Visitor: 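Let me begin by handing over the structure; questions about it come next.
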Amino acid sequence: MAKYIANIIKDKLDSENIKYDYILYVPLHKKRERKRGFNQSKLIAKYLGCLTNIEVLNCIKRNKNTSRLFNLKNEERIKELKNAFTVNDTIGVCKNKNILLVDDIFTTGSTVNEISKILKGKEVNNVYVCTLLTKINSY
């Protein structure tokens, strides 16, 4: 499915005329990725990179094996994700660049917001977030 999803995202990005220098993706913790056998965001990013000929960087690390987020409310997600990620960009590759951040599903935005804050701290110009799905919450 990642190939099809990447094609859909590429078409949308093209229609919106979004320009970006690198593609990054939301990482899973190594234990979760090992158990699952793949990272869906990474696969989508990989195929999107092939379609666009834009490099996919593997520079975001999930340091904390967070609990499953889908059952948590927004405040709980923010607390759970605090200090969960680091960005390894010691040579400044992303500085003054536009980044496309790929995530599989957007629920509250807590994950991409946390990563975006870190990227902006690395002097990234703009962070564009793309997902295929948005979870609709009813409270």
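Numbering starts at 1 and runs along the sequence shown. This is a predicted model, so every value here is computed, not measured.
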Visitor: For the pair Tyr20 and Leu13, evaluate side chain to side chain contact (heavy atoms under 4.5 Å, CB included) and give the outcome as yes or no after the intermediate values.
Guide: CA-CA 10 Å; Tyr20 47 96; Leu13 291 167; 3.6 Å; yes

Visitor: Rounded to the nearest 0.5 Å, what separates atom CG in Asn96 from atom CG in Asn126?
Guide: 10.5 Å

Visitor: According to a hydrophobic-cluster definition based on side-chain heavy atoms being under 4.5 Å apart (Ile, Leu, Val, Met, Phe, Trp, Tyr only), do Ile5 and Tyr128 belong together?
Guide: yes

Visitor: Which pair of heavy atoms, one from Val26 and one from Ser41, lies closest together, and at what distance?
Guide: O-CB, 3.7 Å

Visitor: To check you understand the geometry: which heavy-atom pair defines the closest contact between Thr131 and Asp104, and what is its length?
Guide: CB-O, 4.1 Å

Visitor: With side chains defined as the heavy atoms from C-beta onward, is the minimum distance between Leu51 and Asn7 less than 4.5 Å?
Guide: yes

Visitor: Applying the 4.5 Å side-chain criterion to the ILVMFWY set and letting contacts propagate, would Phe85 and Val112 be lumped into a single cluster?
Guide: yes

Visitor: Check Leu24 against Cys59 and note the closest heavy-atom contact, atom names and distance.
Guide: CD2-SG, 3.5 Å

Visitor: For Lys42 and Glu33, what are the C-alpha separation, side-chain angles and deciding distance, and is it a side chain to side chain contact (heavy atoms under 4.5 Å, CB included)?
Guide: CA-CA 11 Å; Lys42 181 178 182 179; Glu33 187 168 350; 4.2 Å; yes

Visitor: When rounded to the nearest 0.5 angstrom, what is the spacing between NZ in Lys30 and CG in Asn63?
Guide: 9.5 Å

Visitor: Just do the side chain to side chain contact (heavy atoms under 4.5 Å, CB included) check on Ile118 and Thr86 with the steps written out, would you?
Guide: CA-CA 7 Å; Ile118 297 166; Thr86 54; 5.9 Å; no

Visitor: Okay, side chain of Ser15, backbone of Lys12: is any donor-acceptor separation there less than 3.5 Å?
Guide: yes

Visitor: So do the side chains of Leu81 and Arg62 get within less than 4.5 Å of each other, counting heavy atoms only?
Guide: yes

Visitor: Apply side chain to side chain contact (heavy atoms under 4.5 Å, CB included) to Tyr25 and Ile44, showing your working.
Guide: CA-CA 9 Å; Tyr25 55 89; Ile44 295 166; over 6 Å; no

Visitor: Starting at SG of Cys130, measure out to CD1 of Ile8 and round the result to the nearest 0.5 Å.
Guide: 12.0 Å

Visitor: Ignoring hydrogens, what is the shortest heavy-atom contact between Pro27 and Lys61? Give both atom names and the distance.
Guide: CG-C, 4.1 Å

Visitor: So, for Leu28 and Phe38, which heavy atoms are closest and what is the spacing to 0.1 Å?
Guide: CD1-O, 3.5 Å

Visitor: Working to the nearest 0.5 Å, report the span between CG of Leu100 and CG of Leu48.
Guide: 6.0 Å

Visitor: I'd like to know if Phe106 and Ile60 are part of one continuous hydrophobic network [Ile/Leu/Val/Met/Phe/Trp/Tyr, side-chain heavy atoms within less than 4.5 Å].
Guide: yes

Visitor: What pair of heavy atoms forms the shortest contact from Lys122 to Val87, and how long is it?
Guide: CE-O, 3.4 Å

Visitor: Measure from the side-chain N and O atoms of Asn98 to the backbone N and O of Asp21, and report whether any donor-acceptor pair falls under 3.5 Å.
Guide: no

Visitor: Keeping Lys120 on the side-chain end and Asn125 on the backbone end, is there a donor-acceptor pair under 3.5 Å?
Guide: yes

Visitor: Answer yes or no: is there a side-chain heavy-atom contact under 4.5 Å between Ile23 and Thr52?
Guide: yes

Visitor: Given Leu101, which of Val127, Val124, Thr111 fulfils the side chain to side chain contact (heavy atoms under 4.5 Å, CB included) condition?
Guide: Val127

Visitor: Run the salt-bridge test on Lys117 and Glu114 with the 4.0 Å N-O cut-off and return the result as yes or no.
Guide: yes

Visitor: Nearest 0.5 Å please: distance from the CE atom of Met1 over to the CG atom of Leu43.
Guide: 12.5 Å

